[in-house]
Colleague: 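Handing you this structure, nothing more for now.
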Amino acid sequence: MSNNVAKSAKPQKSSFDPTTIELKWQSKWGSEDVYQPVLDSAKPQLASGTTIAEAKKQNKIEKDRHLIKGSAFYDLTMFPYPSAEGLHVGFSYTSSGIDAYARFERMLGHEVFEPIGLDGFGIHSENHAIKTGSHPIEHAERTEKNFYRQLHVTGNSYAWKNKLETYDPEYYRWTQWLFVQLFKSGLAYKKNSPVNFCPSCKTVLSDEQVIDGRCERCESVVEKRDLEQWFFKITDYAGKLLSNIESLDWSEKVKLAQKNWIGKKSGINITYKVAGVDETVTIFTTRPDTNFGATFIALAPEHQLVEKIISGVVKIDAQIVRKMQAYVAKATNKSEIERQAEGKEKSGVFTGLYATNPLTDYQMPIWVSDFVLGGFGTGALVGVPGHDKRDFEFATKFGLEIIRVVVGKDGDASPIAKIEQVQEDEGTMINSGFLNGMDIHKATEKIMDHIEKEGYGKREVAYHLRDWLISRQRYWGPPIPMIYCEACAERGDSWFMTEEGKNHFKNGEWRVKNREMAGWYPEEVLPMKLPYIKNFKPMGTGKAPLANHPEFYETTCPHCGGKATRETDVSDTFLDSSWYFLRYLATDLKHIPFPMSKEKAKTFPGATPEEIEHADKRRTWFPVTMYIGGAEHSVLHLLYARFVTMALKDMGYVDFEEPFTRFYAHGLIIKDGAKMSKSRGNVINPDDYIRKYGSDTLRTYLLFLGPFDQGGDFRDTGIEGMYRFVKKVWKLFSGMENGEWRMESSTEGLRFMHQTVKGVTEDLEYLRFNTAIAKLMTWYNFLAKQPSLSQEEVETYLKLFAPFAPHMTEELYQVLKNKEWRIEKKEKDFHSIHMSAWPTYDEKFLTQVTVTVAVQINGKLRGTVVVDAKDKEDKALIEKLAREQESVSKFLAGDIKHVIFVPGKILNFVVR
RNA sequence: GCGGGCGUGGUGAAAUGGUAGACACGCAAGUUUUAGGAACUUGUGCCCAAAAGGUGUGGAGGUUCGAGUCCUCUCGCCCGCACCA
């Protein structure tokens with residue numbers, strides 16, 4: 001029966017042509033700037049000034065949403081890097097998510113800013129150019145066009161007027177400006193040090209770009225090279241980068257990845273006198289409680305004292321020096337991979353020197369060993385073989401003494417002879433003088449107090465995080481805008497001698513004072529344009545291609561006017577992306593890089609009063625409200641962007657410390673169970689699917705695949721199914737023009753609508769797109785069976801579906817609008833609805849209350865009871881009863897008139 | 001080794017502590033079609049010929065009137081970090 005009725009609501013004919021519909025709306029949205037927010041007039045993000053994370057914690061989010069209509073909502077996705085192959089479907093995934101979210105937020109009444117751009121500078125793009133045999137500049141021109149075309153057909157509600165490209169001189173002049181500001185703040189310095197070098201990319205890499213000893217991009221084994229490089233002093237912010245993490249509304253996983261990478265360890269630096277020579281060795285340890293058991297000292301091959309011995313400053317036996325030279329040379333040439341391949345087999349050379357342990361007067365032999373890391377702590381450790389497995393391995397190999405100082409749970413107090421006996425856990429101190437009998441935590445505090453009092457040690461915090469290596473010996477990046485002047489350096493007359501420089505460092509030591517630093521920065525003539533050169537390929541000599549071009553690097557000193565040279569390295573591509581979210585809001589400002597206070601904006605040469613005004617007003621958009629991107633950037637981009645923001649805050653350019661209030665890491669899209677790769681031939685080009693099914697279908701399908709943070713498996717049969725569904729929706733509603741609809745929804749219809757609205761709203765808020773879409777499908781199944789639909793149901797359905805399939809829903813709305821909707825007149829187009837009205841039915845359904853009690857029916861205990869309350873008194877009564885189990889049983893025994901028990905259905909109680 | 005996460009049908013997966021498997025894919029049968037495709041209808045956790053019934057969220061316990069969900073242990077898988085002193 002219902003089948004026949006259902007048919008009456010369905011179309012006589014259907015023609016669903018997604019391509020035509022989508023192009024039509026895309027061009028309309030574009031030409032009318034529908035999604036271009038007025039940047040200057042948005043209200044601040046939250047009226048109270050609290051962050052969304054805080055509001056959420058206080059459960060105020062729903063309430064606040066209504067209070068802050070018209071407030072700025074900065075909805076950002078990580079911009080893609082353009083490749084010859086075109087847009088990756090992984091990006092379609094992100095962009096579908098961010099756009100569904102943007103459209104949802106817009107309906108809640110926010111001003112939403114959803115910008116897009118291209119991360120076109122960097123090794124990635126340059127390698128693509130080399131592979132295709134083209135010049136990076138031509139490569140960029142070509143891919144830019146293709147990428148923007150592909151980005152357009154997704155139907156995303158991008159603010160197209162604010163697009164940017166990192167290789168645009170109007171962009172990278174500010175990247176260079178940023179470099180200069182960091183330099184002026186003492187956060188950029190140049191240093192000669194062993195660095196990671198990728199022999200294939202022929203450039204140095206930052207620590208973060210080395211994964212398992214291999215290059216992040218090409219997976220070549222990374223070598224160690226001594227090169228003079230530019231670094232950013234991100235370690236200055238290690239503490240803040242770590243402590244701020246707690247306040248962020250990010251997934252625990254990403255937060256943890258950052259915490260681990262920063263790697264804070266609290267301990268103590270202990271300085272030991274070296275017997276017989278005028279030297280000391282400072283070690284870092286987190287376990288000073290075991291110090292009575294210390295029997296040796298081990299130095300990293302890079303350690304200063306080792307250098308002093310090798311260079312003859314500290315004189316020891318010549319034969320040992322030769323042995324050490326050989327060992328150090330071998331160790332420093334080893335790549336990470338080689339070191340791992342050798343396993344944990346310890347090696348080392350005894351220096352013949354001893355250090356005295358003041359606690360015991362034990363003469364600890366000083367060794368050099370490559371299991372000690374030059375970059376952690378002080379590059380030296382004190383060996384306690386009884387209570388550290390690595391120390392034990394070292395001690396047994398070289399016959400060093402092992403002393404037990406902790407007894408663990410097993411009560412074993414015998415001498416430690418086997419590795420299984422090494423006691424690294426909790427326990428009680430023995431053989432440790434005044435520490436005896438204490439547990440290790442108490443002993444740790446006690447001994448640190450003692451050492452500090454005796455004056456040979458100081459509590460210290462060590463971090464795993466190292467400074468950010470910023471220079472690259474490549475072509476395709478912003479030239480580092482520094483000028484070296486030999487003459488000024490000779491005179492000791494460099495930037496550091498200017499009033500500005502002196503003021504900057506007057507309260508602290510100068511972090512950077514070596515001679516290589518002497519020079520000038522041409523701040524007022526930025527951008528330092530990247531010239532077109534033919535031989536742009538990396539050379540592998542430790543110099544960048546620009547070093548072959550005197551016409552580039554030869555210049556005059558901005559200070560003395562003499563001959564000077566420019567830096568020829570370019571900066572890391574991660575610098576480009578560390579601040580792009582700031583620039584989106586100022587792409588039309590020629591003289592100011594990003595929104596900032598009037599006071600600061602005025603300091604930019606050439607800034608017009610209008611520009612200063614814009615810069616000031618647009619600050620309401622910061623920080624980024626919602627950021628969606630890949631989890632692979634957990635410790636790279638996200639850490640760098642946080643660091644840059646903090647540095648800019650300290651310089652007074654921005655007034656927030658954390659750039660991304662909320663970050664959501666989406667999952668990975670695989671294809672038919674395998675990772676996409678060209679060699680497998682299973683790379684998805686979104687173009688093919690958009691052409692065949694339309695963007696609405698692709699978007700909805702991608703988001704339906706599975707939980708957004710887990711990605712999913714892309715299957716052609718799956719997208720077919722989604723296409724069927726989209727078509728069904730089209731047919732149902734486009735058929736409405738000939739069908740009937742009624743004034744009011746049925747009770748069941750209302751309940752369905754209420755449930756779906758509530759469910760989908762909540763799902764969208766937490767980016768559970770897959771379940772939101774499933775709810776829409778369920779509701780469709782219900783609607784399709786109805787003999788007729790109400791205008792409210794149809795309109796609500798279209799609104800709820802719009803975040804996923806914006807084109808089709810808008811087209812349907814237009815079709816239906818022209819067919820005598822018996823509703824209040826709609827003068828504006830559907831996109832105005834996008835911006836105004838998210839349906840809520842809470843008020844209407846206040847009468848329905850869910851009570852959770854134990855109920856016995858037919859001798860069986862059952863669960864949830866849905867009670868329909870007739871009026872406010874009923875509702876209050878039921879809520880009160882729900883709070884008190886005891887009264888509920890009474891209530892159920894006496895006051896309920898009917899109990900309707902439908903097998904397979906929820907229990908319904910009708911209140912008198 | 002440290003840290004985090006996950007184990008539910010043939011598949012992707014749903015389930016504020018309350019009918020386990022929503023929704024979709026796939027599969028099966030049917031209607032329609034010259035055929036293929038498409039569309040529509042019905043069915044589909046497992047066991048049993050069917051019904052009745054039983055059983056069922058990696059495993060073992062526990063809390064609870066009630067556990068996929070909370071707690072303890074255990075097995076298996078995935079992802080970070082790692083010779084970090």
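Heavy-atom basis, side chains included; hydrogens, waters and symmetry copies ignored. Computed from a predicted structure; not experimentally measured. In what follows, chains carry the letters A, B, and so on, assigned in the order in which the sequence lines appear, proteins first and then strands, with residues in each chain numbered from 1.
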Colleague: Indicate, with a heavy-atom threshold strictly under 4.0 Å, whether A:G721 touches base, sugar-phosphate, or nothing.
Modeller: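 Sugar-phosphate, no base atom in range.
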Colleague: Side chain of A:V372, heavy atoms from C-beta onward: which of B:A85, B:G80, B:A39 has the nearest atom to it?
Modeller: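 Looking only at side-chain atoms, A:V372 lies closest to B:A85.
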Colleague: Counting side-chain heavy atoms from CB outward, which of B:C83, B:A85, B:C81 is closest to A:T286?
Modeller: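 Side chain of A:T286 sits closest to B:A85.
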Colleague: Taking only residues two or more places apart in sequence, or in another chain, which ones meet A:D388 in a salt bridge (charged side-chain N to carboxylate O under 4.0 Å, His left out)?
Modeller: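 With sequence neighbours excluded, A:D388 shows a salt bridge (charged side-chain N to carboxylate O under 4.0 Å, His left out) to A:R390, given in chain and number order.
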Colleague: When we call it a touch if two heavy atoms are under 4.0 Å apart, what does A:K255 touch: a base, just sugar-phosphate, or nothing?
Modeller: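 No contact at all - A:K255 keeps every heavy atom at 4.0 Å or more from the nucleic acid.
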Colleague: Using the test side-chain contact (heavy atoms from CB on, under 4.5 Å), find all partners of A:E632 that sit at least two apart in sequence or belong to another chain.
Modeller: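 Partners of A:E632 under the side-chain contact (heavy atoms from CB on, under 4.5 Å) test: none.
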Colleague: For A:T282, check side-chain contact (heavy atoms from CB on, under 4.5 Å) against everything at least two apart and list the hits.
Modeller: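 For A:T282 the side-chain contact (heavy atoms from CB on, under 4.5 Å) partners, ignoring immediate neighbours, are A:N269, A:T271, A:T378.
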Colleague: Hey, what are the protein-to-nucleotides 10-13 of chain B N/O distances that come in under 3.5 Å?
Modeller:
{"from": "B:G12", "atom 1": "O2'", "to": "A:L705", "atom 2": "O", "distance (Å)": "2.3"}

Colleague: What is the distance from CG of A:L465 to P of B:C81, rounded to the nearest Å?
Modeller: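 Interatomic distance, CG of A:L465 to P of B:C81: 14 Å.
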Colleague: Could you check how far CG of A:D289 sits from C1' of B:A85, rounded to whole Å?
Modeller: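 It works out to 12 Å between those atoms.
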Colleague: With sequence neighbours left out, what residues match A:Y664 under ring pair (Phe, Tyr, Trp, His ring centres under 6.0 Å)?
Modeller: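 Checked A:Y664 against ring pair (Phe, Tyr, Trp, His ring centres under 6.0 Å); matches are A:F708.
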Colleague: Let me know which of A:I297, A:V281, A:T351 forms a side chain to side chain contact (heavy atoms under 4.5 Å, CB included) with A:V274.
Modeller: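 Option passing the side chain to side chain contact (heavy atoms under 4.5 Å, CB included) with A:V274: A:V281.
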Colleague: Using whole Å, report how far CD of A:Q258 lies from C1' of B:G4.
Modeller: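 To the nearest whole Å, that distance equals 15 Å.
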Colleague: Can a side-chain donor-acceptor contact be found between A:Y327 and A:S347 if the only test is distance below 3.5 angstrom?
Modeller: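 Yes, a side-chain donor-acceptor pair sits under 3.5 Å.
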Colleague: Ignoring hydrogens and angles, does a donor from either the side chain of A:K775 or the base of B:C23 sit under 3.5 Å from an acceptor on the other?
Modeller: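 Absent.
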Colleague: Once side-chain contact (heavy atoms from CB on, under 4.5 Å) is applied, do any residues pair with A:K397, and if so which ones, sequence neighbours excluded?
Modeller: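 Counting only residues at least two positions away or on another chain, A:K397 forms a side-chain contact (heavy atoms from CB on, under 4.5 Å) with A:E345.
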Colleague: Please identify each residue that fulfils side chain to side chain donor-acceptor pair (under 3.5 Å) with A:Y689, with sequence neighbours left out.
Modeller: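 For A:Y689, the residues satisfying side chain to side chain donor-acceptor pair (under 3.5 Å) (neighbours in sequence not counted) are A:D716.
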Colleague: Find the distance A:K264:NZ to B:G3:C1' and express it as a whole number of Å.
Modeller: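 From A:K264 NZ to B:G3 C1': 18 Å.
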Colleague: In this structure, which stretches of RNA chain B are paired as stems of three or more consecutive Watson-Crick or G-U pairs, both distances less than 3.5 Å?
Modeller: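 So the stems come out as B:1-7 with B:75-81, B:10-12 with B:23-25, B:26-31 with B:39-44, B:45-47 with B:53-55, B:58-62 with B:70-74.
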Colleague: Any base atoms under 4.0 Å from A:N781, or only sugar-phosphate, or nothing? Heavy atoms, all strands.
Modeller: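 If one applies the 4.0 Å heavy-atom cut-off, A:N781 turns out to touch the sugar-phosphate alone, with no base involved.
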Colleague: Could you list the residues that satisfy ring pair (Phe, Tyr, Trp, His ring centres under 6.0 Å) with A:Y362, not counting sequence neighbours?
Modeller: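 Scan of A:Y362 (ring pair (Phe, Tyr, Trp, His ring centres under 6.0 Å), adjacent residues dropped) gives none.
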Colleague: When you check the glycosidic angle of B:G56, does it come out syn, meaning within 90° of 0, or anti?
Modeller: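 It is anti.
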Colleague: Quick one: which protein N/O atoms are closer than 3.5 Å to N/O atoms of nucleotides 26-32 of chain B? Pair and distance per line, please.
Modeller:
{"from": "B:G26", "atom 1": "OP2", "to": "A:R724", "atom 2": "NH2", "distance (Å)": "3.2"}

Colleague: How many whole angstroms separate atom OH of A:Y463 from atom C1' of B:A85?
Modeller: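 Rounded to the whole Å, the gap is 17 Å.
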Colleague: For B:C79, does either OP1 or OP2 sit under 4.0 Å from a side-chain N or O belonging to A:K253?
Modeller: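 No, no such contact exists.
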Colleague: In terms of side-chain heavy atoms of A:L381, which of B:A82, B:C40, B:A85 is nearest?
Modeller: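 That would be B:A85.
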Colleague: Identify, with sequence neighbours excluded, every residue that meets side-chain contact (heavy atoms from CB on, under 4.5 Å) alongside A:S432.
Modeller: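 Per chain and number, A:S432 pairs via side-chain contact (heavy atoms from CB on, under 4.5 Å) with A:F292, A:V405, A:M429, A:L435, A:N436.
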Colleague: Is the ring pair A:F782/A:F752 parallel, tilted or perpendicular, if the boundaries are 30 and 60 degrees?
Modeller: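 The arrangement is parallel - the two ring planes meet at less than 30°.
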Colleague: How long is the line joining CZ of A:F296 and P of B:C83, in whole Å?
Modeller: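 Interatomic distance, CZ of A:F296 to P of B:C83: 17 Å.
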Colleague: Using the ring pair (Phe, Tyr, Trp, His ring centres under 6.0 Å) definition, which of the options A:F714, A:F725, A:Y693, A:Y93 pairs with A:Y701?
Modeller: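 Of the listed residues A:F714, A:F725, A:Y693, A:Y93, the ring pair (Phe, Tyr, Trp, His ring centres under 6.0 Å) partner of A:Y701 is A:F714.
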Colleague: Tell me: NZ of A:K259 to C1' of B:A82, nearest whole Å?
Modeller: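 After rounding, the reported distance stands at 18 Å.
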Colleague: Excluding sequence neighbours, so at least two apart, what forms ring pair (Phe, Tyr, Trp, His ring centres under 6.0 Å) with A:Y272?
Modeller: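 Residues passing ring pair (Phe, Tyr, Trp, His ring centres under 6.0 Å) with A:Y272: none at all.
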Colleague: So which nucleotide from B:C83, B:A22, B:G3 ends up closest to the side chain of A:L256?
Modeller: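 My answer, after comparing the listed nucleotides, is B:G3.
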Colleague: Starting at atom CD1 of A:I670, determine the distance to atom P of B:C79, rounded to an integer number of angstrom.
Modeller: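 So the two atoms are 12 Å apart, to the nearest Å.
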